[in-house]
There are 2 protein chains.
Amino acid sequence: MVISPDTVELNFTREEYAARLFKTRKAMQQADLDSLLITDPANMAWLTGYDGWSFYVHQCVIVTLESEPIWFGRGIDANGAKRTTYLSHENIIEYPDHYVQSDDRHPMDFLCEILESKGLSSHSIGVEMDNYYFTAAAYASLVRNLPNANFKDCKNLVHWQRSVKSEQELSYMRKAGKIVEVMHQRIRETIHPGLRKHELVAEIYDAGLRGIPEYGGDYPAIVPLLPSGADASASHLTWNDKPMQSGEGTFFEIAGVYKRYHCPLSRTVFLGKPDQKFLDSEKAVLEGMEAGLEKAKAGNYCEDIAIAFFDVLEKHGIIKDSRTGYSIGLSYPPDWGEHTMSLRKGDKTVMKEGMTFHFMTGLWLDDWGLEITESLAIGANGPELLSSVPRELVVIS
Amino acid sequence: MVISPDTVELNFTREEYAARLFKTRKAMQQADLDSLLITDPANMAWLTGYDGWSFYVHQCVIVTLESEPIWFGRGIDANGAKRTTYLSHENIIEYPDHYVQSDDRHPMDFLCEILESKGLSSHSIGVEMDNYYFTAAAYASLVRNLPNANFKDCKNLVHWQRSVKSEQELSYMRKAGKIVEVMHQRIRETIHPGLRKHELVAEIYDAGLRGIPEYGGDYPAIVPLLPSGADASASHLTWNDKPMQSGEGTFFEIAGVYKRYHCPLSRTVFLGKPDQKFLDSEKAVLEGMEAGLEKAKAGNYCEDIAIAFFDVLEKHGIIKDSRTGYSIGLSYPPDWGEHTMSLRKGDKTVMKEGMTFHFMTGLWLDDWGLEITESLAIGANGPELLSSVPRELVVIS
């Protein structure tokens, strides 16, 4: 069986990939960059289609102003690049296995030889300085090996190109939205006091993976977070195998995922009769969300949503000092946020139609927590909610 | 409800945590380090008990030669540190939320102020240069803000302390081994031509999370990898929602996980009558594994296992140029390997009782692949297999 770029089944048209490359190059020129070394797996996928759990070893996509991008990675992953990208095979370059997790050599040393051989070694090269997959050692190797290159932090340049979603991307996110609906539905149907938490996690994964009859789910960039009682005062705890207790609230921060596109959505379930503080906070959050959603339209600033939400919370005597949302879309672990826009005071990015956000209105208090959130796309006149899950504190009595 | 370090339920005794700290400090002294900034989530957990999916923002544990370690992280994660570590609350230090994913300031800028105030700013400080969660930007912030500090790559110093497992750690890994047994059992029971792959993934997660009646499973540091047919020529593809086909082989690279301790184990399933090449390779791999396992005992080098395995493969005309295993244990995404020892030529680490490895004997050929692997603990006279799954190519006809 011959594998060739022509027979690869891509998630987007070749025209869409070409358009992405075009706007990336425009941004490169504005930033005075001759080339980019892209290490963020979501950016690699967005530019080339590459998809695989190989980001635990060093890899990148090299983008220049003219030629086809180059995938660079470990030898045993080159076939994965051949099977998931539109790149011609000559632009899939592999490094030998003895570079993997070695004390003596670094994969970026090998990359530098490639850059040298391609005449890119005295370029102005953009690197993703604060990306998980661009370690301090990776950067040190580049600087050591290419003394004539001018490395610059490209400041999430590709991330920013991803902020306005195409129609195809939006359709994937709506599918992810359908998936997160069945996940929350499953929680409502199965949760009860005495159910051991890992069993509930099994239900959540089952719903998220089975998806709906037409299409199945993908893995989320963050595993389900579902702390109960006082553990819900912490924002990022996962699970244990203990029974769910009556008299406790549990928030469920989960996402539906389709072809790596995410629709995160949180709800909180209280088993038994909720304390007044839950009911009061629910009221404040829901009212605040309405106020925030009214601001979620093209032309407003990101911070407008946050300010509207925080103002209502304050009226109810609640101070939230963490951001209340972020841009979402295509993601790989460890984060489903896009690391560009945040819904917080001071973020004066002007929202455009087709931008997508997780309106993350969670409250983490001294010894309890509440999350009721929405994911949305910015429209001309208001937001489109990406999924439809009853917006309420779920009480199972 | 008062949260205090005394009421936290830890996964290990306080004595075990103290012993870990003791040997880490000994290694620090040998490396001439006054303090360590530990960013690897598994190292943070191993040292302090900290557990949470918060590694997508900057955080670390500061270890000095004397005082209790310090957890440093985002404000909304501080409660998570209070609920999962033995640290006194004064040693849980949070940074404000406007440092999160900001273009204007970096969490490490804030950390530097803390280090300054604690008198550590002119220390010899070990950093994990090639860790995913220690980005080039994080390092640049440290160097910029603390001109009098002497930063050194600590070369996986804490990772190395983790290589010999305690009895409690081994017991967790054996539990993970029991979990991976039921996962493979489930695959055998449910796989058939026509089953859509995402539905099979749902079965795998269900088995891995439900675990066995006594204890439930945790999330794996790598999601299930299960490419079929020609996709199995690539080592790290995940899944889609298409039906399984007769006449194709699919490898399943999965892990059972208990309290973040992993037991990875791969098997390959062929639907229908396998080609001769599958049967020949199965024979070679199984024979090679026997040869490798014979070398898996205290006193031998890591490379001895690899050489014995590769020698048998070569006799069968198969050349494998990727490493054939690595140290395993406590892990967080994106990798369940420990980044210390590799089973490959040139790794002359002397194996000790209680070290644990994934003997990763996978073959990824031009247009197909085969994985039949084992996870094991090194014993005085030979290996202890951490799980018991029939070692064979599974044929479902």
Side-chain angles (χ1 to χ4, degrees), chain A residues 1 3 52-56 75-77 79-80 83 97-98 100-101 103 127 129-140 153 155 196 198-199 201-202 205-206 209-211 215-217 219 222-223 225 230-231 233-238 241 321-323 333-335 339 342 344 364 367, chain B residues 1 3 52-56 75-77 79-80 83 97-98 100-101 103 127 129-140 153 155 196 198-199 201-202 205-206 209-211 215-217 219 222-223 225 230-231 233-238 241 321-323 333-335 339 342 344 364 367:
Chain A
M1 184 171 165
I3 308 172
W53 190 289
S54 56
F55 38 84
Y56 75 90
I76 63 171
D77 293 313
N79 277 346
R83 299 197 71 77
D97 213 69
H98 62 281
V100 173
Q101 297 169 6
D103 274 349
V127 289
M129 287 293 284
D130 210 18
N131 185 261
Y132 312 109
Y133 303 105
F134 190 65
T135 65
Y139 184 54
D153 186 358
K155 291 267 180 208
R196 292 170 70 190
H198 68 286
E199 298 177 318
V201 177
Y205 266 103
D206 191 71
L209 289 164
R210 289 185 191 273
Y215 44 82
Y219 61 89
I222 301 177
V223 297
L225 308 172
D231 278 345
S233 67
S235 51
H236 294 107
L237 300 188
T238 52
D241 54 11
D321 59 5
S322 53
R323 65 179 180 169
D335 193 9
H339 294 206
S342 289
R344 61 181 162 198
W364 304 283
D367 61 357
Chain B
M1 184 173 165
I3 308 173
W53 191 289
S54 56
F55 38 85
Y56 75 91
I76 63 170
D77 293 314
N79 278 346
R83 300 197 70 77
D97 212 70
H98 62 280
V100 174
Q101 296 168 6
D103 273 349
V127 289
M129 287 293 283
D130 209 18
N131 185 263
Y132 313 108
Y133 302 105
F134 189 66
T135 64
Y139 184 54
D153 185 358
K155 291 267 179 206
R196 292 170 70 190
H198 68 286
E199 297 177 317
V201 177
Y205 266 102
D206 191 70
L209 290 164
R210 289 184 191 274
Y215 45 81
Y219 60 89
I222 301 178
V223 297
L225 307 173
D231 278 345
S233 66
S235 51
H236 294 108
L237 299 187
T238 52
D241 53 12
D321 59 4
S322 52
R323 65 178 179 169
D335 193 9
H339 295 208
S342 288
R344 62 181 162 197
W364 304 283
D367 60 358

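Values below: all heavy atoms of this structure, side chains included; hydrogens, waters and symmetry mates excluded. Order of the sequence lines sets the chain letters (A, B, ...), proteins ahead of strands, with each chain counted from 1.
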For each of [options], tally heavy-atom pairs with chain B at distances under 4.5 Å, and name the one with the top tally.
| options | answer |
| --- | --- |
| A:Gly217, A:Ala140, A:Pro333, A:Ser342 | A:Gly217 |
| A:Asp335, A:Val201, A:Asp241 | A:Asp335 |
| A:Phe134, A:Tyr219, A:Tyr215 | A:Tyr219 |

For a 4.5 angstrom cut-off between non-hydrogen side-chain atoms, does A:Pro334 reach B:Tyr133?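 A side-chain contact exists here, since the closest heavy-atom pair is under 4.5 Å.
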
Tell me, for [X] versus chain A, whether the close heavy atoms (under 4.5 Å) come from the side chain, the backbone, both or neither.
| X | value |
| --- | --- |
| B:Ser54 | both |
| B:Arg210 | both |
| B:Leu225 | side chain |
| B:Val127 | neither |
| B:Arg323 | both |

Which heavy atom of [X] sits nearest to which heavy atom of [Y], and what is that distance?
| X | Y | value |
| --- | --- | --- |
| A:Tyr132 | B:Gln101 | OH-NE2, 4.4 Å |
| B:Asp103 | A:Lys155 | O-NZ, 3.6 Å |
| A:Arg344 | B:Asp97 | NH1-O, 3.4 Å |
| B:His198 | A:Gly216 | CD2-CA, 3.2 Å |

Any donor-acceptor pair under 3.5 Å linking the side chain of [X] with the backbone of [Y]?
| X | Y | value |
| --- | --- | --- |
| A:Trp364 | B:Asp77 | no |
| B:Tyr205 | A:Asp206 | no |
| B:Asn79 | A:Ser233 | yes |
| A:Ser235 | B:Ile76 | yes |

Is it the side chain or the backbone of A:Ser322 that comes within 4.5 Å of chain B heavy atoms, both, or neither?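 Both backbone and side chain of A:Ser322 come within 4.5 Å of chain B.
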
Under 4.5 Å from any heavy atom of chain B, what part of A:Asp321 do you find: side chain, backbone, both or neither?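 Interface part for A:Asp321: backbone (N, CA, C, O).
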
Return yes if a side-chain donor-acceptor contact under 3.5 Å exists between B:Thr135 and A:Asn131, otherwise no.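 Distance-only check fails for B:Thr135 and A:Asn131.
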
Which of these, B:Phe55, B:Tyr56, B:Trp53, sits in a ring-ring contact (aromatic ring centres under 6.0 Å, His included) with A:His236?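 Among B:Phe55, B:Tyr56, B:Trp53, the one meeting ring-ring contact (aromatic ring centres under 6.0 Å, His included) with A:His236 is B:Tyr56.
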
If we define contacts as heavy-atom pairs under 4.5 Å, which of [options] has the most with chain A?
| options | value |
| --- | --- |
| B:Leu237, B:Asp231, B:Val100 | B:Asp231 |
| B:Ala202, B:Gly52, B:Ala138 | B:Ala202 |
| B:Gly75, B:Ala137, B:Ala234 | B:Ala137 |

